[in-house]
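Basis for what follows: all heavy atoms, side chains included, without hydrogens, waters or symmetry-related copies. The first residue in the sequence is number 1, and the count goes up from there.
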Amino acid sequence: MKNEIAAVVFFFTRLVRKHDKLKKEAVERFAEKLTLILQEKYKNHWYPEKPSKGQAYRCIRVNKFQRVDPDVLKACENSCILYSDLGLPKELTLWVDPCEVCCRYGEKNNAFIVASFENEDENKDEISKKVTRALDKVTSDYHSGSSSSDEETSKEVEVKPSSMTATPSPVYQISELMF
């Protein structure tokens, strides 16, 4: 569970940093709070032998019907930042399952793998590389055709990761302390 949560938190922090409205310290506080919230939430809803069991419960979703994800909102409140300052896409779904984290931008696009794991022993550098590759794929392959609220309008969603180094993010340092 720790790798999957680390991948989700790292993914979110990359999106938030791209929006560039929050200071580094605020992003780190948000990452720490989101890690704690997801760890607590998933604790009794994690089934490695049946990864799809509990999938809806572990889903992080933002769309026209649910404009904010309650867990992400709680992490914002606990870290004293505004949800709107995260700059998240209007439609985003993240499935957090044992051994795999998947994402979909928009309601009509295909899902893509953010990170997949064969075991719990993967190191944080490898997780960072997997998430970065997923964000690169979003930039090159995934553009929102039409949102569920704009059926007639074609609208591109551009998410470009900034350059990454192999240095672990503070998110992973936080995660290590928690697990």
At what distance, to the nearest 0.5 angstrom, does CG of L92 lie from CZ of R104? 9.5 Å
Residues in side-chain hydrogen bond (donor to acceptor under 3.5 Å, both in side chains) with E25, at least two apart? none
Given 3.5 Å as the limit, does a donor-acceptor pair link the side chain of Q39 with the main chain of K2, or not? no
Do the rings of F12 and F30 sit parallel, tilted or perpendicular, given the 30° and 60° boundaries? perpendicular
Can you tell whether the side chains of E107 and R61 come within less than 4.0 Å, N to carboxylate O? yes
So, do I37 and N78 sit near enough that their side-chain heavy atoms are less than 4.5 Å apart? yes
Nearest atoms (heavy-atom pairs only) where A7 meets A115: CB-CB, 3.9 Å
According to salt bridge (Lys or Arg N to Asp or Glu O under 4.0 Å), does anything in residues 68-78 pair up with another residue at least two apart or in another chain? List the pairs. K41-D71
Side chains of L94 and F11, heavy atoms from C-beta outward: is any pair under 4.5 Å? yes
Quick check on the hydrophobic clustering: are M1 and I60 connected, directly or via other members, by side-chain heavy-atom contacts under 4.5 Å? yes
With rounding to the nearest 0.5 Å, note down the distance linking CG in L82 to CG in L73. 10.5 Å
So V114 and W95, do their side chains get closer than 4.5 Å, heavy atoms only? no
State, yes or no, whether a side-chain contact exists between P89 and V62 at a heavy-atom distance under 4.5 Å. no
Test your reading of the model: is there a side-chain donor-acceptor pair from R14 to the backbone of V16, 3.5 Å cut-off? no
dist E40:CD -> H45:NE2 (nearest 0.5 Å) comes out at 10.0 Å
By side-chain hydrogen bond (donor to acceptor under 3.5 Å, both in side chains), which residues pair with K23, not counting sequence neighbours? none
Applied to residues 51-60, the salt bridge (Lys or Arg N to Asp or Glu O under 4.0 Å) test, sequence neighbours excluded, yields R58-D97
Only one of N3, V8, V9 clears side-chain contact (heavy atoms from CB on, under 4.5 Å) with I5; which? V9
Could you work out, with ring pair (Phe, Tyr, Trp, His ring centres under 6.0 Å) as the rule, every residue matching H19, not counting sequence neighbours? none
Is there side-chain contact between W46 and E4, with at least one heavy-atom pair below 4.5 Å? yes
Which residues pass the ring pair (Phe, Tyr, Trp, His ring centres under 6.0 Å) test with Y47, not counting sequence neighbours? none
Does E32 use its side chain to pair, donor to acceptor, with the backbone of R29 at less than 3.5 Å? no
Inter-residue atom distance T93.OG1 - N109.CG, 0.5 Å rounding: 10.5 Å
Just wondering, do L15 and L86 contact through their side chains at under 4.5 Å, heavy atoms? no
Let me confirm one number: the CG-SG distance from N110 to C102, rounded to the nearest 0.5 Å. 11.5 Å
Rounded to the nearest 0.5 Å, what separation is found between the OH atom of Y105 and the CD atom of E91? 12.5 Å
Check whether V96 and Y57 end up in the same hydrophobic cluster, where Ile, Leu, Val, Met, Phe, Trp and Tyr are linked by side-chain heavy atoms less than 4.5 Å apart. no
